[in-house]
Trainee: 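One structure, as C-alpha cells, below. Some questions next.
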Amino acid sequence: MASDQERAVRIVAVLESAYPRAVTALSHRGAFQLLVAVVLSARTTDAQVNKVTPDLFRLYPTAQAMAQADPADLEKLVRHLGLFRVKARHLVEMSRELVRRYGGEVPGERAALESLPGVGHKTAGVVLGVFFGKPTLPVDTHVFRVIHRLGLSRAADPARVEEELCRIVPPESRMALHHRLIDHGRTVCLGRSPRCGDCRLARLCAYPAGNREGSGG
DNA sequence: ATCCCGAGGG
DNA sequence: CCCTCTGGAT
C-alpha cells in the first residue's frame, strides 16, 4: 500500500500540472512588496491584488515611503479589495514598525513578522517561505478542507495539520503546494458542492463517490 | 445568497 | 471562542 509520503508526492505532481504557475504570482518582488501584496490578498484574489500593486508601489516603493503615507490615500488605491480600510491602516502601521524597529527591512523570523500590525500566521508563513526560503505550509480553510478530503490529515487543529503536512511534504514543495491547494479549493474542491467530476485528484482522493467505501470503512 | 488566499479585538 | 471588518467572485 502507498504511504502518505508516496500519496503526497503523487498529489503534488498532479497539482503541479493542473496549476503550473501557482507560486510565481506573488513572488517576483522584494521582501517589502511581497509582504504588502500578501497582506492585501486577504479576502481577495491575486488578480485583484495585481490590479492595484503597480500604482501602490510606484507611490510607496519602500517601507520608509509607506510609513509616511496618509492611510486615506492608501484606502483610495485599495478601494476595490475587501477589508480595504483595515488593510490601509495596517499597511501604514506595519511600515512604521518596519522603519522603527527593523531599519525598514523585512525581518526573516516568524516572531518578528507576526509582531507586525496586520501580519499573522498565514502572512508570515508565506513571506518566510517564498522570500526567505524557510518553507512552511500555512493551513487556511481551503487547505484544511482539501487536505481532509484527500485524507492526508485527520487533525482538527490547523496547526496540527500543518505540522503533519510538513512531515510529509519536502520543504521545496511546500509553498507551491500551499498555493495550489488554495487554487484547487477555490475552483474545484469547493466547500459546498465540490466538482469531483472535474477533479484531477479524484483517483487519489478518499472523498469522491467513486472512491468511497460506502460501509465498512 | 454565500463565501471568502485573515487578523485584531472583546 | 466569537465577532467584526469589506468588496468581489461564484
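Letters A, B, ... mirror the listed sequences (proteins, then strands); counts begin at 1.
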Trainee: Once you round it to whole Å, what is the distance between P of dG9(B) and CG of Leu83(A)?
Mentor: 14 Å
Trainee: Taking atom types as they are modelled, is there a donor-acceptor pair under 3.5 Å from the base of dC4(B) to the side chain of Asp140(A)?
Mentor: no
Trainee: Heavy atoms only, 4.0 Å cut-off, all strands: where does His90(A) land among base, sugar-phosphate and nothing?
Mentor: sugar-phosphate
Trainee: Taking the side chain of His80(A) as its heavy atoms from C-beta onward, which of dG8(C), dC5(B), dG6(B) lies nearest to it?
Mentor: dG8(C)
Trainee: Nearest 0.5 Å, please: how far is NE2 in His148(A) from CZ in Arg154(A)?
Mentor: 9.0 Å
Trainee: Take atom P in dC3(C) and the same atom in dC4(B), then report the distance between them in whole Å.
Mentor: 16 Å
Trainee: Among the candidates dG6(B), dG8(C), dT6(C), find the nucleotide nearest to the side-chain atoms of Arg85(A).
Mentor: dT6(C)
Trainee: Can you work out whether Leu81(A) or Leu190(A) has the more 5'-proximal nearest nucleotide on DNA chain C?
Mentor: Leu81(A)
Trainee: Nearest-nucleotide wise, let me know which of Leu116(A) and Thr45(A) is further upstream toward the 5' end of DNA chain B.
Mentor: Thr45(A)
Trainee: Between dC5(C), dC5(B), dG8(C), which nucleotide gets closest to the side-chain atoms of Val86(A)?
Mentor: dC5(C)
Trainee: When rounded to the nearest Å, what value does the distance between C1' atoms of dG9(B) and dG7(C) take?
Mentor: 22 Å
Trainee: What's Gly82(A) touching, base or sugar-phosphate or nothing? Going by heavy atoms closer than 4.0 Å.
Mentor: base
Trainee: Decide, yes or no, whether a salt bridge links Arg195(A) with Asp198(A) under the criterion of side-chain N to carboxylate O below 4.0 Å.
Mentor: yes
Trainee: If the P atom of dT6(C) is compared with that of dG10(B), how far apart are they to the nearest Å?
Mentor: 16 Å
Trainee: Do side-chain atoms of Lys87(A) reach the backbone of Gly82(A) as a donor and acceptor pair under 3.5 angstrom?
Mentor: yes
Trainee: Rounding to the closest angstrom, what is the interatomic distance between dT10(C) and dG6(B) at atom P?
Mentor: 16 Å
Trainee: Would you mind telling me which residue lines up with the more 5' stretch of DNA chain B, Gly118(A) or Thr44(A), judged by nearest nucleotide?
Mentor: Thr44(A)
Trainee: Is the shortest side-chain N/O distance from Gln48(A) to OP1 or OP2 of dG7(C) below 4.0 Å?
Mentor: no
Trainee: Nearest whole angstrom, please: distance from the C1' of dA9(C) to the CG of Asn50(A).
Mentor: 16 Å
Trainee: Just the rounded figure in Å: distance from P of dG6(B) to CG of Asp46(A).
Mentor: 9 Å
Trainee: Rounded to the nearest 0.5 Å, what separation is found between the CD atom of Glu97(A) and the OG atom of Ser115(A)?
Mentor: 7.0 Å
Trainee: Rounded to whole Å, please give me the gap between CZ in Arg89(A) and P in dG6(B).
Mentor: 17 Å
Trainee: For Phe144(A) and dG6(B), give me the distance from atom CZ to atom C1', rounded to whole Å.
Mentor: 16 Å
Trainee: Report the distance from atom NZ of Lys87(A) to atom P of dC5(C), rounded to the nearest whole Å.
Mentor: 15 Å
Trainee: Atom CZ of Arg43(A) and atom P of dT10(C): how far apart are they, to the nearest Å?
Mentor: 16 Å
Trainee: Looking at Arg10(A) and Glu6(A), is any side-chain nitrogen of the basic one under 4.0 Å from a carboxylate oxygen of the acidic one?
Mentor: no
Trainee: For a quick check of understanding: with a heavy-atom distance under 4.0 Å over all strands, which category does Val119(A) fall into, base, sugar-phosphate or nothing?
Mentor: sugar-phosphate
Trainee: Which part of the nucleic acid does Arg192(A) contact within heavy-atom distance under 4.0 Å: base, sugar-phosphate only, or nothing?
Mentor: nothing
Trainee: Would you measure the distance from the C1' atom in dT4(C) across to the matching atom in dC3(B) and give it in whole Å?
Mentor: 16 Å
Trainee: How many Å lie between NZ on Lys122(A) and P on dC4(B), as a whole number?
Mentor: 14 Å
Trainee: From Arg186(A) CZ over to Thr141(A) OG1, what is the distance, rounded to the nearest 0.5 angstrom?
Mentor: 9.5 Å
